[in-house]
Each structure stands twice: as structure tokens, then as C-alpha cells.
Amino acid sequence: MSTSDTISKIGAVSYIIWACLHLLAAYSVYVLGRSLDSSMVQGRVLQDAWNLLFFSIIAISVAATLNWRNSVWGYWINFATVGIADTGFIFFVLVPGYTPVWPSILGPVFWVLATIFSTIALLTRTKDATRTFTSENTGSSDLATTTASPRLSSLSARF
């Protein structure tokens, strides 16, 4: 296993830890929402619990499948999804002081760690790994060159 593979796995595990923390947060927000009187406030709190739940599910799914394999798609999906989820928390909950810094800072810490390790993994992977990954996923290369016209063969060779 190469160094970039190991680093991508550390990034994926960091995303999974982030997601597990947010599954707990989703449950806590749900319990809070259920304790409120039926109102728009209760609905918005329950919606927040729902959003946390699905941000977590997406982060775990992408980390376990794409980030684990050092995928560019996985990098950007979790970068955007987790970034959107955590920046809202930082700006609207953590900074105003509505929750104690410890242990609330753990989510953002694992987000930053996951982003750092995933970025390093992508930047250090070899071109051969990229070529292999691309040809395995697209099903192109060998099949296209043996069955397609010479013009298509030269086109597929460029990619």
C-alpha cells in the first residue's frame, strides 16, 4: 500500500468520526425538538436534526467508498458537504457561544483533519494510480482501442 493510500484512509476515517459525532448531535437535536411545543420553532429544530442526520449519512457513505480509495469525486463531495454543515455550526452556534467550546470543537477538528489528510493524499498519488483508476471506472482504454475505429482509438489514447 502506498503512502497516499494510507493517508487517504486516515482522511476517510476522520470523515467517519466526524459523521458519527454528527449522528449523536442529530439525535440530541431531535430530542430537543421533541421537547418543544408544536410550533414553527419545533419544526425548524426537527428539520435541523434531519439535516444533521443526512449530512452524516452522506459523509459516511462517501468516506467509506470514495475517500477510502482516494477518489477526486469523494474529495469534493465530502469537502463541500461537511464544509457546508460545519461552517454553519461554527458561525451560528459555536462562535456566539451557544454551546461550550469543549467538546463542541471536536466536529470541526475532525473536519479539518479529514480535509488536510484527503488533500495530501490527492496531491501525493501517482499518475499511474490515476490512470488505472480512470480506466477501471470508465471501462475505456483496451476495449475501445480494439473495437473502435482508428480515429476513436487515437482519441481514447489521449484520455
Side-chain angles (χ1 to χ4, degrees), residues 1-139 159:
M1 184 181 321
S2 72
T3 303
S4 66
D5 288 340
T6 303
I7 294 170
S8 72
K9 287 171 180 31
I10 294 170
V13 168
S14 297
Y15 275 126
I16 291 169
I17 293 170
W18 178 94
C20 290
L21 290 170
H22 284 74
L23 286 172
L24 292 172
Y27 179 72
S28 296
V29 172
Y30 172 76
V31 169
L32 173 65
R34 296 294 297 165
S35 72
L36 300 172
D37 293 331
S38 286
S39 66
M40 182 62 158
V41 173
Q42 182 193 40
R44 294 309 302 253
V45 171
L46 292 175
Q47 179 189 10
D48 190 36
W50 177 267
N51 290 341
L52 285 169
L53 173 68
F54 279 92
F55 278 132
S56 300
I57 291 169
I58 290 167
I60 288 171
S61 301
V62 171
T65 58
L66 298 174
N67 292 121
W68 191 263
R69 293 183 297 152
N70 205 9
S71 161
V72 175
W73 277 102
Y75 175 85
W76 287 111
I77 292 168
N78 262 350
F79 180 81
T81 302
V82 174
I84 289 167
D86 253 16
T87 54
F89 171 75
I90 291 166
F91 291 139
F92 300 114
V93 179
L94 197 57
V95 170
Y98 297 133
T99 187
V101 173
W102 182 260
S104 302
I105 197 73
L106 285 175
V109 165
F110 279 101
W111 165 47
V112 169
L113 288 172
T115 302
I116 290 169
F117 283 109
S118 297
T119 301
I120 292 170
L122 276 180
L123 293 175
T124 59
R125 70 184 188 169
T126 63
K127 289 186 181 194
D128 289 336
T130 305
R131 248 184 256 124
T132 302
F133 181 73
T134 304
S135 65
E136 286 175 1
N137 284 337
T138 60
F159 296 103

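Source: prediction; values computed, not measured. Residues: numbered from 1 along the sequence shown.
- Across all their heavy atoms, Leu94 and Ser104 have their closest contact at CD1-CB, 3.7 Å.
- Residues forming a side chain to side chain contact (heavy atoms under 4.5 Å, CB included) with Leu122 (at least two apart in sequence, or on another chain): Asn70, Val72, Tyr75, Arg125.
- Atom CG of Asn78 sits about 10.0 Å away from atom OG of Ser71, to the nearest 0.5 Å.
- For Trp76, the ring-ring contact (aromatic ring centres under 6.0 Å, His included) criterion is met by Phe79, not counting sequence neighbours.
- The side-chain hydrogen bond (donor to acceptor under 3.5 Å, both in side chains) pairs that include a residue from residues 47-62 are Arg44-Gln47, where partners are two or more places apart or lie in different chains.
- Contacts of Val112 classified as side chain to side chain contact (heavy atoms under 4.5 Å, CB included), with partners at least two apart in sequence or in another chain: Ile116.
- Screening Ile10, Ile7, Thr115 for a side chain to side chain contact (heavy atoms under 4.5 Å, CB included) involving Ile120 leaves a single residue, Ile7.
- Pairs of residues two or more places apart, or lying in two chains, that qualify as side-chain hydrogen bond (donor to acceptor under 3.5 Å, both in side chains) and include a residue from residues 85-97 are Trp18-Asp86, His22-Asp86.
- Evaluation of the side chain to side chain contact (heavy atoms under 4.5 Å, CB included) rule for Ala49 yields Val29, Tyr30 as partners, not counting sequence neighbours.
- Counting heavy atoms from C-beta on, the side chains of Thr81 and Val62 never come closer than 4.5 Å.
- With sequence neighbours excluded, no residue forms a side chain to side chain donor-acceptor pair (under 3.5 Å) with Ser28.
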Candidate pair Ile60 and Leu23, rule side-chain contact (heavy atoms from CB on, under 4.5 Å), full reasoning: CA-CA 10 Å; Ile60 288 171; Leu23 286 172; 3.9 Å; yes
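- Looking at residues two or more places apart in sequence or on another chain, you find a side chain to side chain contact (heavy atoms under 4.5 Å, CB included) between Ile84 and Phe55.
- Applying the ring-ring contact (aromatic ring centres under 6.0 Å, His included) test to every pair with at least one member in residues 104-126, sequence neighbours left out, gives no pairs at all.
- Counting non-hydrogen atoms of other residues, nucleotides and ligands closer than 6.0 Å to OH of Tyr27 gives a total of 12 or fewer.
- Here Ser118 contributes atom OG and Leu66 contributes atom CG; the two are 11.0 Å apart, rounded to the nearest 0.5 Å.
- Annotation: side chain to side chain donor-acceptor pair (under 3.5 Å) contacts of Arg34 (sequence neighbours excluded): none.
- The ring-ring contact (aromatic ring centres under 6.0 Å, His included) pairs that include a residue from residues 89-108 number zero, where partners must be two or more places apart or lie in different chains.
- Trp68 has its side chain within reach of Val13: a pair of non-hydrogen atoms, C-beta onward, lies under 4.5 Å apart.
- Residue pairs meeting the side-chain hydrogen bond (donor to acceptor under 3.5 Å, both in side chains) criterion with at least one partner in residues 1-10, sequence neighbours excluded, are Ser2-Ser4, Ser2-Asp5.
- Closest non-hydrogen pair, Ile16 versus Ala63, comes out as CG1-CB, 3.8 Å.
- Without hydrogens or angle criteria, Ser35 side chain to Leu32 main chain gives a donor-acceptor distance under 3.5 Å.
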